[in-house]
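Owing to the predicted nature of the structure, the values given are computational and were not obtained by experimental measurement. Keep in mind that the numbers below use all heavy atoms, side chains included, and drop hydrogens, waters and symmetry copies. Below, chain A is the first sequence line, B the second, and so on; all start at residue 1.
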Amino acid sequence: MLKEATRESYGKALAEFAEKYDLYVLDADLSEATKTKIFAQKYPERFIDCGIAESNMVSVAAGLAASGKTVFASSFAMFLAGRAFEQVRNSIGYPHLNVKLGATHAGLSVGEDGATHQCNEDIALMRTIPGMVVLNPADPVEARLAVKAAIEHDGPVYLRFGRMPVEQILPDDYDFEIGKGVVLEDGTDVAIIATGLMVGEALKAAQALKQKSVNAAVINISSIKPLDKKLVLEYSIKCGALVTSEEHSVIGGLGSAVCEAVSEAAPCPVIRHGVEDMFGKSAAALKVLDYYKLNAEGIVQKALEAVSLKK
Amino acid sequence: MEDIQKIELKNIALKIRRDIIEQVYNAKSGHPGGSLSIADIITYLYFKEMNINPSNPKDPDRDRLVLSKGHSCPALYAALAEKGYFSTDILKTFRKLDSFLQGHPDMKNTPGVDMSSGSLGQGISAACGIALAGKLDKKNYRVYAILGDGEIEEGQVWEAFMFAAHYCLSNLCVIIDRNGLQIDGKCKDVMSSEPLEDKMQAFGFNVRVINAHDFDDIESAFDFAEKTTDKPTAIIANSIKGKGVSFMENVVSWHGTAPNDQQYEQAMSELKEVR
């Protein structure tokens with residue numbers, strides 16, 4: 001099985017699909033880290049380095065898209081969704097231009113660089129922009145497919161990738177579709193709805209819960225917007241308790257999206273597992289994740305809590 | 001420029017100024033000052049300079065204009081209507097519900113608008129992207145971006161200027177409407193961007209300083225820009241905010257205020273003949 005960071009899969013996918021699609025890739029002096037360098041080496045004439053100027057890069061991408069091009073603009077999540085939020089909203093979102101935002105180094109797993117670079121707010125920000133698709137792939141297989149889906153989708157897409165190498169958890173022939181969630185493991189007592197890095201941990205948590213006689217379903221939601229409401233509601237009714245799990249603030253991300261969906265149609269207890277309302281810290285990625293309980297153990301705790309709330 | 005052509009352009013500019021006042025008066029909101037200051041340049045661009053075809057507004061080979069100081073869109077809308085992109089009757093719907101003439105330009109729904117703009121500093125970056133696309137595709141179109149002298153206080157503008165020079169966007173012509181005023185007062189008191197000529201030169205632009213209300217000056221600047229093949233051009237256009245309406249000229253408060261009935265009558269009476 002493959003083990004690589006989803007940012008690596010992103011760079012490779014750009015280089016792979018550029019053969020078939022006329023892609024242009026922009027970066028802001030981070031191509032080594034975002035892995036767009038893999039594309040740049042193969043297609044230098046279609047790579048534009050914008051220097052350390054993310055706001056300009058995002059609006060330049062809009063101008064290229066307004067001229068008919070399919071454009072990827074890349075930087076760290078912090079600077080793309082964070083610093084350039086208003087450019088994303090007004091230059092790309094409002095005119096609904098065909099720009100894909102390849103945001104790497106999302107979440108706490110940035111590790112040693114610490115709180116200034118650990119973006120736990122990007123999903124919340126991006127999801128509020130009308131017409132924006134928000135994708136947070138779980139593993140290298142899904143990261144590649146998400147890039148392809150983004151290329152084929154006409155309109156803005158925010159893609160979230162990680163720095164830390166992750167195990168392949170999805171089969172090679174996995175089907176990816178924007179707006180579709182996938183049940184990786186079925187269960188009846190509680191459904192763990194996870195995204196990105198936490199999907200692998202959710203699978204481990206489900207195993208651990210079995211030892212405690214709790215039968216947990218695991219759902220991979222990589223398409224946070226549009227959200228697969230039908231599937232979420234189905235499991236809200238079927239299990240009667242949900243846990244959401246994400247490497248992102250518990251405010252505004254997947255947890256919020258799921259709460260919004262169930263509260264309006266099929267309410268049940270929802271426990272949000274993620275980064276509490278606080279900043280990150282410097283340390284090796286796995287140490288930071290453990291410190292914030294972003295691991296299988298953390299999910300197990302939340303799942304038991306959710307089950308105890310059932311009527 | 002021949003006199004007959006100059007009179008023709010002056011009369012179009014007069015119509016555009018009247019349309020600006022009509023729009024802002026009807027909407028009871030909008031930005032007359034900075035619209036009037038660019039009326040002559042907009043006129044020259046749409047009626048003399050730009051290679052455009054109102055019956056094919058999305059022509060991939062057309063010249064483009066990005067109104068980076070998007071709040072001055074009454075001037076742009078007037079030019080587009082007078083040019084035939086849509087009926088001049090539609091100008092009455094400016095800033096009203098369900099009109100495509102939004103408070104700031106909306107490329108999705110307005111024929112002839114090449115880029116949505118309005119959040120200051122972003123239009124110039126988009127113009128760079130459009131110019132770069134032209135270079136990549138080996139097309140001959142030119143891109144014009146109109147910025148305000150207040151707008152250039154945005155840091156993103158200077159990121160874009162660096163980008164334009166770095167990528168030798170000689171097909172990009174930046175026009176800075178130097179009317180000297182911004183919402184909080186005179187630019188020199190709020191946040192000075194002077195010496196602007198020196199700054200633009202240092203950022204790698206060809207620079208021309210002109211009188212924004214003199215068609216000979218405007219023509220020679222655009223001819224100069226077109227002949228430049230190695231770098232982008234910046235035209236610093238010294239203008240009068242509110243130009244053409246005596247009581248609006250050089251008055252800060254007319255940045256974003258609509259005239260009342262009496263002020264409207266007076267403005268329209270002043271705009272009856274070529275001044």
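- Pairing each heavy atom of Leu64(A) with each of Gly129(B), the nearest pair is CD2-O, 3.3 Å.
- Interface remark: Ala127(B) contributes no atoms to any contact with chain A (heavy atom separation under 4.5 Å).
- Using a 4.5 Å cut-off between heavy atoms, Glu45(A) contacts chain B through its backbone alone, with no side-chain atom that close.
- The environment of Arg83(A) atom CZ is sparse: at most 12 non-hydrogen atoms of other residues, nucleotides or ligands sit within 6.0 angstrom.
- Heavy-atom neighbours of Tyr21(A) OH from other residues, nucleotides or ligands within 6.0 Å: above the threshold of 12.
- Annotation: Arg95(B), atom CZ; neighbour count of heavy atoms from other residues, nucleotides and ligands within 6.0 Å is above 12.
- For the atom pair OG (Ser119(B)) and CZ (Arg89(A)), the distance works out to 9.0 Å, reported to the nearest 0.5 Å.
- When the shell of 6.0 Å around CG of Asp230(B) is examined, it contains more than 12 heavy atoms from other residues, nucleotides or ligands.
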Q. Can you list the steps and then say if Met107(B) with Leu97(A) is a side chain to side chain contact (heavy atoms under 4.5 Å, CB included)?
A. CA-CA 10 Å; Met107(B) 67 183 287; Leu97(A) 290 167; 4.1 Å; yes
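- For Lys96(B), the NZ atom is densely surrounded, since the number of other residues' heavy atoms within 6.0 Å is greater than 12.
- Heavy-atom contacts from other residues, nucleotides or ligands closer than 6.0 Å to NZ of Lys69(A) number more than 12.
- Counting non-hydrogen atoms of neighbouring residues, nucleotides and ligands closer than 6.0 angstrom, the CD atom of Glu112(A) exceeds 12 such neighbours.
- Neither the backbone nor the side chain of Glu154(B) comes within less than 4.5 Å of any heavy atom in chain A.
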Q. Under the side chain to side chain contact (heavy atoms under 4.5 Å, CB included) criterion, do Tyr167(B) and Asp49(A) qualify, and how do the steps go?
A. CA-CA 10 Å; Tyr167(B) 284 104; Asp49(A) 207 318; 4.2 Å; yes
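- Counting only heavy atoms from C-beta outward, the side chains of His104(B) and Tyr94(A) never approach each other to under 4.5 Å.
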**Q.** Stepwise side chain to side chain contact (heavy atoms under 4.5 Å, CB included) check, Tyr141(B) with Ser67(A)
**A.** CA-CA 11 Å; Tyr141(B) 66 73; Ser67(A) 313; 4.0 Å; yes
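- Nearest approach of Pro95(A) to Lys108(B), heavy atoms of both residues: O-CD, 3.1 Å.
- Closest heavy-atom contact between Gln156(B) and Ser55(A): NE2-O, 3.2 Å.
- The 12-atom threshold is exceeded at CG of Asp22(A), counting heavy atoms of other residues, nucleotides or ligands nearer than 6.0 Å.
- Note that CG of Leu132(B) and CG of Leu26(A) are 8.0 Å apart. Values are rounded to the nearest 0.5 Å.
- Atom CD of Glu159(B) is separated from atom CD of Glu54(A) by 7.5 Å, given to the nearest 0.5 angstrom.
- Using a 4.5 Å cut-off between heavy atoms, Asp137(B) touches chain A through its side chain atoms alone.
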